[in-house]
Amino acid sequence: MTSMNSLMWFRQDLRVADNPALVAACQFAKQHQSKVRAVYIVTPSQWAQHDVAPIQINFIQRHVNLLAQSLAALGIPLDVLHLEWFSDTHAALNDYLQQHNIDAVFAGSEPEINERRRDSGLIEQGLPLTLIDQDCVLASGQVQNLSGDMYKVFTPFSKKWKSIASQKAIVPLAVPAPVAAALPSPAAIEFTCPSRNSEQWAAGEGAAKRILEQFLASQVADYQAERDFPALEGTSRLSPFLAIGVVSSRQCVAAILARYPEALVDDTCAAKTWLNELIWREFYRHLLVAFPHLSMAQNFNELGKGIVWRNNAQEFTAWCDGQTGYPIIDAAMRQLNQTGWMHNRLRMVVASFLTKHLLVDWRWGERYFRQQLIDGDLAANNGGWQWSAGTGCDAQPYFRVFNPMTQSSKFDPDGSFIKRYVPEVARWSLKDIHEPKTVNVNDLFASPQGDSYPKPIVEHKMARLRAIEVLSALKRG
DNA sequence: GGGACTTTGCA
DNA sequence: GCAAAGTCC
């Protein structure tokens, strides 16, 4: 005899609110008057291969612990399975299903190729797994151009996205009702993985909800004006939560619509710029599903294969360490290294500098970002890097090379962000901070301890022309 | 400070 | 024909 229990398998959807797979698991159990269990699977080797940042792993661990508590209140026990690779999942889940008389497994879909292969493999091998689209407001494949294909340009995608979304009720799902008596508070769970303290970030669905509400109440209208200034807290700072699904994009869009009901149809809406950022996220996820080679470190645009990267290892290390001699670049990289997060404007600036000025393969930078970022997300990270390198979709003309000096004076005009992370230049003039001299007279300020600051690693004008020449030669064929 | 530098998808 | 997170002169 079978007891028809159900299993909720949590992955990148670490929340009990607006979680359609969890709701499905609870409904299944209710129909069959049976029980619900939940699992989270830790795969250190797979994560290492995917370059998941230790700080993100720590953030996930904190949320799995909080999730276990929330689920206990609903009468759902959470087990954490420690495996190594995705390929170990089938055997482990099969055992688990037998052990607990489980007949149905529910999980939210994920866009990355290894994750999708794992899931389709499990289904082929007979695991009773039901995947439910949950990581986007509009599921991959639902936003198509008139030829029935995925868009390759953001603006028409976003227009179509809004027109479809405006026809739909965007209503987050409630937390499911308890399925059984509350369970005792679960024991703390620790992953056997490299970990790096993420306590600088509040954790939990409640914290994410508060950040979202506060941002919408007081900042979203100024987002367009303030989002480009790293010294300000002008961005939502929700990316770490979105990346692991502590908050869903549907919750974010619904929260926008609660305050700005016209957001999807009125281009002058105060929330439109931030809404567009959420649509960028969906765009990149849809792209990852439509073009699986993006998950495999390949150029979106075939032409990218022809770029002869310089790939100078010392220059790459200087970039990673924040020692390029361009204060804006170094401040940005040090923010990443010290906090596990970087302001979005600066992500574009440093990516342009690495790929264009230094001609280092965008994959090197993309990988380094994933290794450091608390909000690491393959789709968005890859999309952003390829956009910067000029190998991506939404093609920018190849001669667009960010000028680090212009970007510096435009977006950190008083140098306050730079000085926070590059104290060596604190006493420099603003002009020198924004336009570091190739021959560095500021060495005079170096202290006897030797905390001098490097001269610019590359001269802008030469590097710009060099990058444009490499790319234009490619276009000429 | 406005136009030139460009390619490509999309309607 | 329009647009695309820029720079240069």
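Side-chain atoms are counted along with the backbone in the values below, which use heavy atoms only and exclude waters and symmetry mates. All chains are named by letter (A, B, ...) in the order of the sequence lines, taking the proteins before the strands, and each is independently numbered beginning at 1.
- Using a 4.0 Å heavy-atom cutoff across all strands shown, A:Phe399 reaches at least one base atom of the nucleic acid.
- The environment of A:Glu199 atom CD is dense: over 12 non-hydrogen atoms of other residues, nucleotides or ligands sit within 6.0 angstrom.
- For the pair A:Arg363 and A:Trp385, the cation does not sit on the ring face, since its NZ or CZ is not both under 6.0 Å from the ring centre and inside 45° of the axis.
- In this structure, the CG atom of A:Asn276 is 9 Å from the P atom of C:dA5, given to the nearest Å.
- Side-chain atoms of A:Arg400 lie closest to C:dG6 of the nucleotides C:dG6, C:dT7, B:dG9.
- For C:dT7, the OP1/OP2 oxygens have a side-chain nitrogen or oxygen of A:Gln407 closer than 4.0 Å.
- With rounding to whole Å, A:Met405 atom CE is found 10 Å from C:dT7 atom P.
- A:Asp228 comes within contact range of no nucleotide atom at all, as no heavy-atom separation falls under 4.0 Å.
- Applying the 4.0 Å criterion to OP1 and OP2 of B:dT8, one finds that A:Tyr151 has every side-chain N and O outside that range.
- Comparing atom distances between the A:Pro156 side chain and each of B:dC10, C:dC8, C:dG6 picks out B:dC10 as nearest.
- Contact check on A:Asp135 versus A:Arg285 returns a salt bridge, with a Lys/Arg side-chain nitrogen under 4.0 Å from an Asp/Glu carboxylate oxygen.
- Taking a cutoff of 4.0 Å between a charged side-chain nitrogen and a carboxylate oxygen, A:Glu115 and A:Arg11 do not qualify as a salt bridge.
- For the P atom pair drawn from C:dT7 and B:dT8, the interatomic distance equals 22 Å after rounding to whole Å.
- Spacing between atom CZ of A:Phe154 and atom C1' of C:dC2 amounts to 16 Å, rounded to whole angstrom units.
- Electrostatic pairing of A:Arg370 and A:Asp375 does not count as a salt bridge here, judged by no charged N lying under 4.0 Å from a carboxylate O.
- Side-chain nitrogen and oxygen atoms of A:His460 include at least one within less than 4.0 Å of the OP1 or OP2 phosphate oxygen of C:dC8.
- Contact annotation: A:Thr155 side-chain N/O to C:dA4 OP1/OP2 distance is under 4.0 Å.
- Rounded to an integer number of Å, the gap from OH of A:Tyr398 to P of C:dA5 is 20 Å.
- The side chain of A:Asn145 places no N or O atom within less than 4.0 Å of a non-bridging phosphate oxygen (OP1 or OP2) of B:dG9.
- Among the nucleotides C:dC8, B:dG9, B:dA11, the one closest to any side-chain atom of A:Thr406 is C:dC8.
- One can place NZ of A:Lys159 at 13 Å from P of B:dC10, the figure rounded to the nearest angstrom.
- Pairing for B:dT6 is absent, judged as Watson-Crick or G-U wobble with the two contacts each under 3.5 Å.
- Few gaps surround CZ on A:Arg466; more than 12 heavy atoms of other groups in view lie less than 6.0 Å from it.
- Taking atom CG of A:Leu465 as the reference point, atom P of C:dC9 lies 9 Å away to the nearest angstrom.
- The CH2-P distance, from A:Trp161 to B:dC10, rounds to 19 Å in whole Å.
- Distance CZ (A:Phe157) to C1' (C:dA4): 16 Å, rounded to an integer number of Å.
- As rounded to the nearest Å, C:dC2 and B:dG3 have P atoms that lie 15 Å from one another.
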